Amino acid sequence: MDIYSNRSTFKLVIIIFALLIGGISVVYTNSMVSKLAEREKKLIDLAAKGYKEIAGMEFTSSQGFLFREIIAANNSIPVILTDGQGTILSYRNFDVPEGMDTKNTDAFFKKQLEEMRAEYKPIPIEIAGLKQFIYYKNSTLIRQLKFYPYLQLAVIGLFILMGYLAFSLSRNAEQNRVWVGLAKETAHQLGTPISSLLAWAEYLRTKPEIMNEGIVDEMDKDIQRLLMITARFSSIGSEQKTELIDLVEVVETAVSYLRSRVSQKVNITVSVKQDVGEEVLAYINRPLFDWVIENICKNAVDAMAGAGKLDIEITELPEGNVQMDITDTGKGIPKNQFKRVFEPGFTTKKRGWGLGLTLARRIIEQYHKGKIFVKWSEPGKGTTFRIMLRN
Ligand SMILES: Nc1ncnc2c1ncn2[C@@H]1O[C@H](COP(=O)(O)OP(=O)(O)O)[C@@H](O)[C@H]1O
Ligand SMILES: [Mg+2]
């Protein structure tokens, strides 16, 4: 089973499995408890009969003594013998706290009697015309046994939680290694052809007929772009610092680059909401943040099928945060996919890789200590992605 992509099914299977084990354990223990309770009841009945029998023969003996003797075989079930008025004649298998005074002891047994009455009907016996009652309740063993399945359930739950945490931690570590390794490798591999291209461009500059047509300048632009891509890849593969710079300027620059490359029918605007000045400062790593803007805007353009409105709104919040909303008028995202769109490999496009938003999230969360999420979306109406940065 592919547990990476079927994670929710996997979780469901584990939960069902845990519930099944818990359920079986509860049912099994309960049947055991009721069997044991049945046995304890029989034991008391038997004791009561024996008590009646002996008392009938030898009613000169001290009843308390007899009671104790007969019930001596029982050293787990708590029992109390009372007379017809409810006065305690004898008891067995109680943990009376040491050093308890008479008043408290009385209160203690009164409470016990009440509890016992609620649990089982007392067994009436008649000895020499005198009514007596044997009160009893389940032994501590049964009481503890009743809690056992819940304890078991808690332990199973804990195990599953720990297993799940270990699994997701190791998965994250694995993903991290893949990201970093792949990014470094890409940057490294791009390095050689780019330096070669730079040298070729230099050489072409010495040829006036080519130089004059502006070809070298165009080539230079492409080489600069390649250098920037390399910088991005090598940045994502290593620790990166952020600096306090103007977010508005960063966005304007990135957007103006995009405007020249997307269809004329996509209208991109940038607006700023703040109290003073034109700047909104935030901690940004420029090459990486540019990448985020590009990814999100490209997705938006894809979602609008080449025509619509793309609004970027930057707001400075009082709590030291900067908020950036990117709203498109595209096809929207169903609510149950708000989180999934960030998962690696999730794509609805024929030629998609499903890595754009994963990368964006990684850049925002790991390198900027910020947040990115789908703020709003309605199928057919549009989508708002929100990015939160610190300033
Ligand atoms: N602005 C948007 N409007 C609608 N759907 C979107 C938008 N942005 C992302 N998505 C959805 O999220 C998926 C994942 O996006 P992404 O990670 O960039 O991968 P890719 O673009 O390769 O599909 C897209 O395939 C699309 O279904
Ligand atoms: Mg994308």
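These numbers come from a predicted model, not from an experiment. We count ligands from 1, going down the list as the structure has it; atoms in each ligand are counted the same way.
- Within a 6.0 Å radius of CZ in F338, more than 12 heavy atoms belonging to other residues, nucleotides or ligands are found.
- In the vicinity of T347, heavy-atom distances shorter than 4.0 Å reach the ligand 1 atoms 20 (P), 22 (O), 23 (O), 25 (O).
- The nearest protein atom to atom 19 (O) of ligand 1, hydrogens excluded, is given as G354 CA, 3.1 Å; this is a heavy-atom distance.
- The protein heavy atom nearest to atom 21 (O) of ligand 1 is K349 NZ, 2.7 Å.
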- Task: Assess whether side chain to side chain contact (heavy atoms under 4.5 Å, CB included) is satisfied between I80 and I134, documenting all intermediate values.
- Result: CA-CA 6 Å; I80 297 179; I134 296 178; over 6 Å; no
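- Annotation for K35: atom NZ does not count as buried by contact number, only 12 or fewer foreign heavy atoms lying within 6.0 Å.
- Ligand 1 places these atoms under 4.0 Å from at least one heavy atom of V341: 11 (C), 12 (O), 14 (C), 17 (O).
- Using a non-hydrogen distance threshold of 4.0 Å, F385 registers as a contact of ligand 1.
- Looking only at protein heavy atoms, the nearest one to atom 26 (C) of ligand 1 is T348 OG1, 3.4 Å.
- Contacts of D302 with ligand 1, taken as heavy-atom pairs under 4.0 Å, are absent altogether.
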- Message: Does F385 form a ring pair (Phe, Tyr, Trp, His ring centres under 6.0 Å) with F373? I'd like the steps, not just the answer.
- Response: CA-CA 6 Å; F385 275 91; F373 51 93; 9.2 Å; no
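- Salt bridge status for R225 with E294: present, with a side-chain N to carboxylate O gap under 4.0 Å.
- Listed here is the closest heavy atom pair of L182 and T186: O-OG1, 2.7 Å.
- The proximity of L357 to ligand 1, defined as any non-hydrogen pair under 4.0 Å, involves the side chain as well as the backbone.
- A pairwise comparison of heavy atoms in G356 and N295 identifies O-ND2, 3.5 Å as the closest pair.
- The protein heavy atom nearest to atom 1 (N) of ligand 1 is D328 OD2, 2.7 Å.
- Ring geometry for W200 versus Y203: interplanar angle over 60°, hence perpendicular rather than tilted (30 to 60°).
- Using a 4.0 Å cut-off to heavy atoms of A303, the atoms of ligand 1 that qualify are 2 (C), 3 (N), 4 (C).
- We find that D302 and K349 are joined by a salt bridge, their nearest charged nitrogen and carboxylate oxygen being less than 4.0 Å apart.
- Residue-ligand proximity, G352 to ligand 1, at heavy-atom distances under 4.0 Å covers atoms 22 (O).
- Legend: protein N/O/S atoms lying under 2.8 Å from the Mg ion (ligand 2), waters omitted, number 1.
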- Item | Step-by-step side chain to side chain contact (heavy atoms under 4.5 Å, CB included) determination, E313 to M324 | CA-CA 6 Å; E313 192 180 271; M324 179 170 148; over 6 Å; no
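- Atom 14 (C) of ligand 1 has F346 O, 3.2 Å as its closest protein atom, hydrogens excluded (heavy atom only).
- Atom 5 (N) of ligand 1 has its closest protein heavy atom at I333 CG1, 3.3 Å.
- In this structure, W291 has its ring center under 6.0 Å from that of F233.
- At the shortest separation from atom 8 (N) of ligand 1 among protein heavy atoms lies N299 CB, 3.4 Å.
- For G330, the heavy-atom gap to ligand 1 stays at 4.0 angstrom or more.
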- Query: How far apart are the C-alpha atoms of F109 and Y91, what are their side-chain angles, what is the distance that settles it, and do they pass the ring pair (Phe, Tyr, Trp, His ring centres under 6.0 Å) test?
  - Reply: CA-CA 9 Å; F109 277 107; Y91 60 82; 4.4 Å; yes
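- The existence of a salt bridge linking K273 and E316 is excluded, since no basic side-chain nitrogen approaches an acidic carboxylate oxygen closer than 4.0 Å.
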